[in-house]
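Input: a single structure, listed below in structure tokens.
Keep in mind that the numbers below use all heavy atoms, side chains included, and drop hydrogens, waters and symmetry copies.
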Number of protein chains: 2
Amino acid sequence: MTSQKATTPGRRPAAARTTSRDVARAAGVSQAAVSLVLGDKWRGRVSPGKAEAVRAAARELGYRPNLAARSLRMGRTRTVLLVVPALTTEFFARVYTGAARIAADHGFGVVLYPSPEGIGPARDPFDSAAATLDGVIASSMAAEALTPLRAADLPLVMLDSDPDDARATATVNLDIAAGARQLTGHLTALGHRRITHLAADVRSWTFEVRARAVTEALDAVPGTLLRRQPTALGVDAGLRAAHAALAGPGPRPTALLCDDDIIAAGACKAVRRLGLRVPEDVSVTGFDDLALAVAVEPELTTVRLPAEEFGEAGMRALMAVLDGRPAQEPTLPVELVPRGSTAPPPAGAGNAARPGGE
Amino acid sequence: MTSQKATTPGRRPAAARTTSRDVARAAGVSQAAVSLVLGDKWRGRVSPGKAEAVRAAARELGYRPNLAARSLRMGRTRTVLLVVPALTTEFFARVYTGAARIAADHGFGVVLYPSPEGIGPARDPFDSAAATLDGVIASSMAAEALTPLRAADLPLVMLDSDPDDARATATVNLDIAAGARQLTGHLTALGHRRITHLAADVRSWTFEVRARAVTEALDAVPGTLLRRQPTALGVDAGLRAAHAALAGPGPRPTALLCDDDIIAAGACKAVRRLGLRVPEDVSVTGFDDLALAVAVEPELTTVRLPAEEFGEAGMRALMAVLDGRPAQEPTLPVELVPRGSTAPPPAGAGNAARPGGE
DNA sequence: CGGTGGAAGTTATACGTAACACGGCCGTCC
DNA sequence: GGACGGCCGTGTTACGTATAACTTCCACCG
């Protein structure tokens with residue numbers, strides 16, 4: 001019993017890592033004492049002198065606790081899952097960045113929903129992960145991916161989703177509606193009255209809010225003509241949608257209000273392809289303020305979304321939930337960024353609706 | 001002995017997960033048998049009937065193995081670290097996507113170097129992670145972040161780095177040199193002789209290769225004038241560098257060969273700001289073929305880098321190393337994508353060097 | 001008919017950690 | 001002077017898994 005069999009079978013022959021027992025031996029204490037000291041729970045249990053000795057030994061030996069063992073013992077993994085539509089989207093890459101930063105501050109890691117092609121259920125993200133997660137953060141744009149998760153009832157923070165969503169433990173939002181209102185106000189203040197909204201045909205809370213806010217804001221301005229042109233995401237889709245909006249029947253819109261910067265970039269191409277100019281003939285606005293917005297010419301008037309802060313706020317909420325504290329559920333402000341892609345409408349362009357006219 | 005103490009102290013009161021022992025009880029076998037069956041190691045150890053019973057019970061109970069316990073037992077975590085400069089870069093987001101896909105196929109997870117602001121040692125990525133990683137994939141652009149890793153000697157796959165780098169267990173490359181040659185050839189074939197290379201001032205293998213390849217390719221074409229203008233990364237930096245290159249002393253270059261698409265976008269802005277046109281007066285080329293390349297106008301002639309495949313190849317190499325198999329160390333081909341930002345030089349532009357001239 | 005060997009299982013063990021339960025020891029108070 | 005409680009610590013246990021080592025049974029061969 002006392003002689004320990006050194007034969008450890010079936011294990012990989014890795015360089016043996018230093019364990020808490022090694023530290024204990026070096027410091028002349030028991031392994032329990034090491035755990036107490038390094039876990040900062042030694043208030044009246046270990047003398048300050050020995051505590052210091054333990055810390056010194058740990059430093060000396062370069063001790064790193066084995067996370068697997070800790071997780072097994074504690075039943076918590078200090079790992080959370082971030083579910084987003086795609087990481088190749090700059091916006092969500094930035095959300096991740098912010099979220100990961102806060103998580104790291106709390107000693108947590110972030111794993112990503114590994115679906116390469118957007119939302120599709122290509123692979124069950126919770127296959128083995130569910131056994132290993134402490135919580136989940138999910139964008140409303142990837143909400144469908146959450147259904148497999150219903151089994152495990154993990155704390156769930158929703159990003160930019162319906163506050164009434166019953167699945168969410170907490171919700172953190174961007175003030176998308178305010179952004180849409182500012183954009184609309186910017187255009188009407190410049191004199192635009194015929195505006196076409198290039199609306200992303202993605203079923204998602206965030207786009208529904210945009211559409212509603214644009215409609216309501218324009219309803220408040222008399223004599224405006226709002227049309228809606230559905231579009232898929234991406235430059236090409238935006239180009240096609242804008243082409244349809246500009247070349248279609250009825251009076252030509254003087255402004256294209258696009259649901260994101262990428263669609264807006266496509267819209268700008270469509271405008272020029274029709275022999276028109278941005279912004280002299282047609283104003284174009286984006287949404288998100290991606291790096292792209294200042295790469296194209298003219299630079300896009302858009303709404304800046306604080307993506308990193310968004311991720312940070314979401315992760316802070318999740319950390320609060322995991323700590324049993326009440327979660328802050330803020331709605332983060334957004335900011336209109338006027339740039340070169342908007343200008344007053346051309347002089348010849350009359351109002352959309354003359355008194356009594358159709 | 002037979003009566004098990006139910007008091008499990010200091011554990012979180014989580015919903016008790018089903019363990020392999022629960023499955024064993026349900027299937028009427030021992031826990032060891034469950035492990036053998038689900039681990040697919042039962043060839044001559046468990047009868048097919050019982051094996052099927054085990055599988056059924058596992059399915060029925062929704063059994064998910066506890067990864068922490070498995071890691072502790074096996075000494076492997078099935079987790080690898082991906083070290084890249086920044087995830088907000090589309091290129092590396094795509095590398096991640098490809099790498100994560102292959103890793104998932106092998107039952108591995110990918111964690112990211114969590115430095116938010118590029119390479120800086122804001123946080124030691126290996127603080128606790130080193131205890132928990134099976135391997136590392138690193139871009140040469142983030143090679144400095146690797147130094148803390150030297151302690152643990154994990155398998156390391158380098159992406160796009162010097163094949164002689166002694167730290168690497170394996171290296172996977174893109175044929176950057178070929179891309180640079182193709183780009184240079186494209187320009188010279190169009191007739192360009194005065195070319196300025198907007199070279200990223202980032203110390204990195206990949207950019208060194210570009211510079212060398214451009215130089216060598218142009219050296220082979222008589223009568224050319226190559227200049228080099230260093231630039232930081234980003235649209236603004238590219239704009240400033242291009243401005244310097246175009247407005248500086250000496251004959252104006254007829255083509256700007258930029259180290260990436262983002263710099264190229266900035267360069268296009270600079271060209272127009274000087275009252276010139278792309279491509280009629282100045283041709284501009286990019287590198288990477290980001291989404292940006294077709295969002296700007298004119299669309300960028302560039303070199304398409306297979307980012308996802310790159311990540312996949314890197315991860316495949318790492319998986320091979322971890323399996324003890326020989327790793328493939330390919331150099332992936334790249335592809336010239338001619339678009340609207342390049343054209344023959346203006347008729348008035350003479351050759352850079354007339355015979356005998358300076 | 002004894003021995004051999006393979007199939008079919010089970011029992012036991014260790015991975016490294018956190019924390020409960022216990023046990024001395026000493027000062028103090030009734 | 002004995003009981004008590006606060007300090008300082010150690011022994012022990014369990015988390016869930018994978019697998020070595022053992023046991024049993026049975027068929028088959030010499």
Side-chain angles (χ1 to χ4, degrees), chain A residues 1-14 16-25 27-51 53-54 58 63-78 128 131-132, chain B residues 1-2 4-12 14 16-25 27-51 53-54 58 63-78 128 131-132:
Chain A
M1 260 304 182
T2 45
S3 79
Q4 48 194 348
K5 283 191 192 173
T7 53
T8 308
R11 206 65 46 79
R12 72 160 175 178
R17 296 192 43 77
T18 71
T19 77
S20 62
R21 213 174 308 268
D22 297 333
V23 176
R25 196 159 19 234
V29 297
S30 72
Q31 180 267 333
V34 173
S35 182
L36 289 172
V37 171
L38 299 183
D40 205 32
K41 292 184 169 44
W42 56 284
R43 280 139 301 192
R45 323 258 295 117
V46 178
S47 65
K50 294 224 171 188
V54 167
Y63 170 66
R64 299 260 183 270
N66 181 318
L67 263 41
R70 177 179 288 179
S71 294
L72 177 58
R73 174 64 227 248
M74 309 270 278
R76 304 187 50 181
T77 54
R78 301 189 89 75
S128 55
T132 317
Chain B
M1 260 305 182
T2 47
Q4 47 195 348
K5 282 191 193 173
T7 54
T8 308
R11 207 63 46 76
R12 73 161 174 179
R17 296 193 42 79
T18 71
T19 77
S20 64
R21 213 174 308 267
D22 297 332
V23 176
R25 195 158 21 230
V29 297
S30 72
Q31 179 267 332
V34 173
S35 183
L36 289 172
V37 171
L38 298 183
D40 204 33
K41 292 184 166 48
W42 57 283
R43 277 140 303 193
R45 321 259 293 118
V46 178
S47 64
K50 293 225 171 189
V54 166
Y63 169 67
R64 301 261 182 268
N66 182 318
L67 262 43
R70 177 179 291 179
S71 294
L72 177 59
R73 174 64 226 252
M74 308 271 279
R76 304 186 53 181
T77 55
R78 302 189 88 75
S128 55
T132 318

Euclidean distance, atom CZ of residue B:Arg43 to atom P of D:dT19 [Å, nearest integer]:
11 Å
Flag side-chain contact, heavy atom, 4.5 Å: A:Val54 against A:Trp42:
no
Can you tell me the distance, in whole Å, between the CZ atom of A:Arg45 and the P atom of C:dA19?
11 Å
Look at all strands and tell whether B:Ser35 reaches a base, only sugar-phosphate, or nothing, counting heavy atoms closer than 4.0 Å.
base
Please find the pair of heavy atoms, one from B:Tyr63 and one from B:Thr18, that lie closest to each other, and give the distance.
CD1-O, 3.4 Å
Taking D:dT17, C:dC15, C:dG9 as options, the one with an atom nearest any side-chain atom of B:Leu72 is C:dC15
From CZ of A:Arg21 across to P of C:dT17 the rounded distance in Å is 8 Å
Taking the side chain of B:Ala33 as its heavy atoms from C-beta onward, which of D:dT19, C:dA19, C:dT10 lies nearest to it?
C:dT10
Do B:Lys41 and B:Arg43 have side-chain heavy atoms sitting under 4.5 Å apart?
yes
Heavy atoms only, 4.0 Å cut-off, all strands: where does B:Ser47 land among base, sugar-phosphate and nothing?
sugar-phosphate
A:Val29 has a side chain; which of D:dT19, C:dG9, D:dT10 sits nearest to it?
D:dT10
Rounding to an integer number of Å, can you tell me how far A:Leu36 CG sits from C:dC20 C1'?
11 Å
Identify the heavy atoms of B:Gly28 and B:Lys50 that sit nearest to each other, and give their distance.
O-NZ, 4.0 Å
Closest heavy-atom contact between B:Val46 and B:Ala51?
CG1-N, 3.8 Å
Indicate, with a heavy-atom threshold strictly under 4.0 Å, whether B:Arg70 touches base, sugar-phosphate, or nothing.
sugar-phosphate
Picking from D:dG9, D:dT19, C:dT17, which would you name as closest to the side chain of B:Met74?
D:dT19
Candidate nucleotides D:dC8, C:dT10, D:dT17, ranked by approach to the side chain of B:Ser30 - the nearest
C:dT10
Looking only at side-chain atoms of B:Val46, point me to the closest of C:dG9, D:dT10, C:dT17.
C:dG9
On DNA chain D, check which nucleotide each of A:Gln31 and B:Val34 is closest to and give me the residue with the more 5' one.
A:Gln31
Which nucleotide, D:dT19, C:dG9, C:dT17, lies nearest any side-chain atom of A:Pro65?
C:dT17
How many whole angstroms separate atom NZ of B:Lys41 from atom P of C:dT10?
19 Å
Would you say the side chain of B:Asn66 lies within less than 4.5 Å of the side chain of B:Thr19, judging by non-hydrogen atoms?
no
Starting at CG of B:Asp40 and ending at C1' of D:dT19, how long is that distance when rounded to a whole Å?
15 Å
Of the listed nucleotides (C:dT17, D:dG9, C:dG9), which one gets closest to any side-chain atom of A:Asn66?
C:dT17
Nearest-nucleotide 5' precedence on DNA chain C, B:Ala69 against B:Pro48:
B:Pro48
Mind calculating the distance between CZ (B:Arg76) and C1' (C:dG16) to the nearest angstrom?
19 Å
Using whole Å, what does the distance between atom P of nucleotide D:dG9 and atom CH2 of A:Trp42 come to?
11 Å
